[in-house]
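Beneath this line is the structure, given in structure tokens, with notes to follow.
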Amino acid sequence: MAWRAALRSKAVIPGLLSCSSHGRLCASPTFITQRNNSTSPKIKVDYDQTTGVAVMHMQSPPVNSLSLDFLTELCISLEKLEMDKGCRGLIITSNQPKVFSAGLDILEMYGKSPEHCGEFWKVVQEMWLKLYGSNMVTIAAIGGSSPAGGCLLSLTCDYRIMADNPRYTISLNETKLGIIAPFWFKETMVNTVGHRNTEVALQLGLLYKPAEALKIGLVDQLVPEDQVFTVATQTMTKWLTIPEHARQITKSMMRNPTIDKLRTNREADIQNFVSFITKESIQKSLRMYMEMLKQRKA
Amino acid sequence: MAWRAALRSKAVIPGLLSCSSHGRLCASPTFITQRNNSTSPKIKVDYDQTTGVAVMHMQSPPVNSLSLDFLTELCISLEKLEMDKGCRGLIITSNQPKVFSAGLDILEMYGKSPEHCGEFWKVVQEMWLKLYGSNMVTIAAIGGSSPAGGCLLSLTCDYRIMADNPRYTISLNETKLGIIAPFWFKETMVNTVGHRNTEVALQLGLLYKPAEALKIGLVDQLVPEDQVFTVATQTMTKWLTIPEHARQITKSMMRNPTIDKLRTNREADIQNFVSFITKESIQKSLRMYMEMLKQRKA
Amino acid sequence: MAWRAALRSKAVIPGLLSCSSHGRLCASPTFITQRNNSTSPKIKVDYDQTTGVAVMHMQSPPVNSLSLDFLTELCISLEKLEMDKGCRGLIITSNQPKVFSAGLDILEMYGKSPEHCGEFWKVVQEMWLKLYGSNMVTIAAIGGSSPAGGCLLSLTCDYRIMADNPRYTISLNETKLGIIAPFWFKETMVNTVGHRNTEVALQLGLLYKPAEALKIGLVDQLVPEDQVFTVATQTMTKWLTIPEHARQITKSMMRNPTIDKLRTNREADIQNFVSFITKESIQKSLRMYMEMLKQRKA
């Protein structure tokens, strides 16, 4: 745990599987000078009542790791927006440079009790259930890398706009760390890029550059880096012209079969995750991975 | 109803959701001068016993709206052809200029009794069941626009050849009018263009130009406008060289899972449609849509 | 049966549905001069313990027909490799020129007892179950044509590298002979190239040239003919860097739903095949097909 504190002291709480992009991310001094203040909100929500569009700015340095606290905050914000009838659209974006989100926070799974791991997994499920099934139009404005859980977050949205910068990557690359994308991560990806692309990507833990991601359909549009948010806003305007009730029912029809599978297997899915992640061999993989990250920093 | 008569007097009975293409369609005086004579057949069937190929010419001015009468006639013709062992192929085409079919006739759903709406929906189902499960080789020769139900009609076929004219559009655009494509429309489209293309198209009620439709696989081939029927005939000849029994069983294997879903939920699907379409809010949407069409004509 | 003996004397035991490519294959005298010696192994396995990679060289002249003996040998070899913890990768290739495998051996289905046909089908299932569900990384190095069962064999692998020679073709073309690809052939293809590509390919019994096969995703990579094996070896090295346990579980997650369908319907699938293949009309189709092949040789 001293070790963990050491990591924390550098304020590098890398998201799960941000490994391959980490070297690049660290090239910027931004990441090692910023500190995450756990008392300040990790997500800033701007809600414009005149347009009915909310924007979630993820602002948890250095890389918007999806920690228990982060995801809890995200779910609470989502619930509020969803209950506000006037809020019809949600844009999710990052205030951190070069990264959308680096994915699940590895420190929530390493050296933790089964109870903690289970609690963490439950909120990961909750985030997915709320977003994939949201009645709002949801758009991911992806201004940087988005591996693993960060990619999942974007895949829950209705539309993905990514910065056209070949230094950024995106996909579900869990396998590379010895971790497994669960069935609902997998189905979300299959629903987006098809069975074969998913099979190859998940088996190899591939990360795609923007052009490759566009080609297989993992993102919908590439734009110059400084226009990601502007284009997201314009796209939202277009989506909001669609009759709302019909759009929502249509979205449910497309996504409910996948959502229902998790809803009816939620407890078993938590048990699977906990028994897997607390295995000695998996914990060892996580430790080696974190030590590699630590050495890179040194 | 006087209002409705007024519409009829102009002989403009637009198909459901032909809205976005209607302006263009109306550019031609053809549509406002032709009258639909309800006693004359809405479909002309030419059956060549030497080749075993039947051609259905849809000829219900102005835009081959899929009315109760039209669909009943279609189903009866289909049943006859299907029972004729010698009839092995069917080409569906339109005798109306610039349009394949503008889709379901909105007048069968507006201001009608639940019983009438249910009767109408049943024949829509019947058309789909007969065509998607047909033992014949079915080819859509799409010489014009084909929104909503017109698109569905073409999607039931084994092959779609469309005129390469960027003024024409095709897709399931029901959402734009506040209507919802039911699950079997959706699954037919997923089976053709995949889950993600369907999700975007149905949520936004998109209509695709021929080049875009070809790119996502909504149609199989584009040809110059005056060659659509010729190429359909040539394609049919090729398909008819395939051993028939093996082709039919293979087709069933691909399509029966979807067909079975409707067969086992047919009554519930009718109830869903009737309770949805007779809602005050939906009727209001339909009225506004028709008034918009009326104004465009004026 | 004298007729069959005549065929055997030319040592041409064509794979099921190698029909359309047979003319080209026969252009080479190789195929009519080589004899298959049933006592020599039909598959040569080279297993390099230092790399953990095994190579299966199919060497059953002239066209690696998947006979009962061939498939039995294949399954026994697979079982041995699978049980060897050190063996992590398998490359499947052909020692026969211009062909990967021409598919199921028609002589195992023509003029045979229902018992024999059932025994044969069981080993076809077994081959598919073992390969599609293999824990090893499996790569098909496709240096020639691969119709029907040969294509299925390659589709069970994790990755397909094909020689970029337009004289070669690949796909499931069973329908052309009046035979039907069973549901698990179909689902393997749907998992690879999607529903619509499969529907068209299977209905028409299409064979694709390498460039077309690459375009729809039936193969993953084209390389010059003399580099197929080298690239397969390099690709294997890349796949073996992935954490094994996570890759295996991920592969199972992608493929088990399809595998389970056959496992739970295995006996019924055998009965379906036997009752179909022993039909008088189907046997007649097979005879006509073989006579056509015989005439081509004469």
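Chain naming here is simple, since letters A, B, ... match the order of the sequence lines and numbering starts at 1 in each. Note that these values count all heavy atoms, side chains included, but never hydrogens, waters or copies made by symmetry.
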Can you name the residues of residues 185-196 of chain A that have some heavy atom under 4.5 Å away from a heavy atom in chain C?
-> A:K186, A:V190, A:H195, A:R196
Please say whether more than 12 non-hydrogen atoms of neighbouring residues, nucleotides or ligands are located less than 6.0 Å from NZ in C:K130.
-> yes
To the nearest 0.5 Å, how far apart are OG1 in A:T175 and NE2 in C:H245?
-> 11.5 Å
Say you draw a straight line from CD of C:Q248 to CD of A:Q203; how long is it, rounded to the nearest 0.5 Å?
-> 9.5 Å
For chain A, which residues of residues 209-222 of chain C have at least one non-hydrogen atom nearer than 4.5 Å to it?
-> C:D220
Greatest number of heavy atom pairs closer than 4.5 Å to chain C - which of A:I180, A:L204, A:T198 = A:L204
Partner residues of C:F273 under the ring pair (Phe, Tyr, Trp, His ring centres under 6.0 Å) criterion, sequence neighbours left out = C:W121
Taking a cut-off of under 4.5 angstrom between non-hydrogen atoms, the residues of residues 249-259 of chain C near chain A are C:I249, C:T250, C:K251, C:M253, C:M254, C:R255
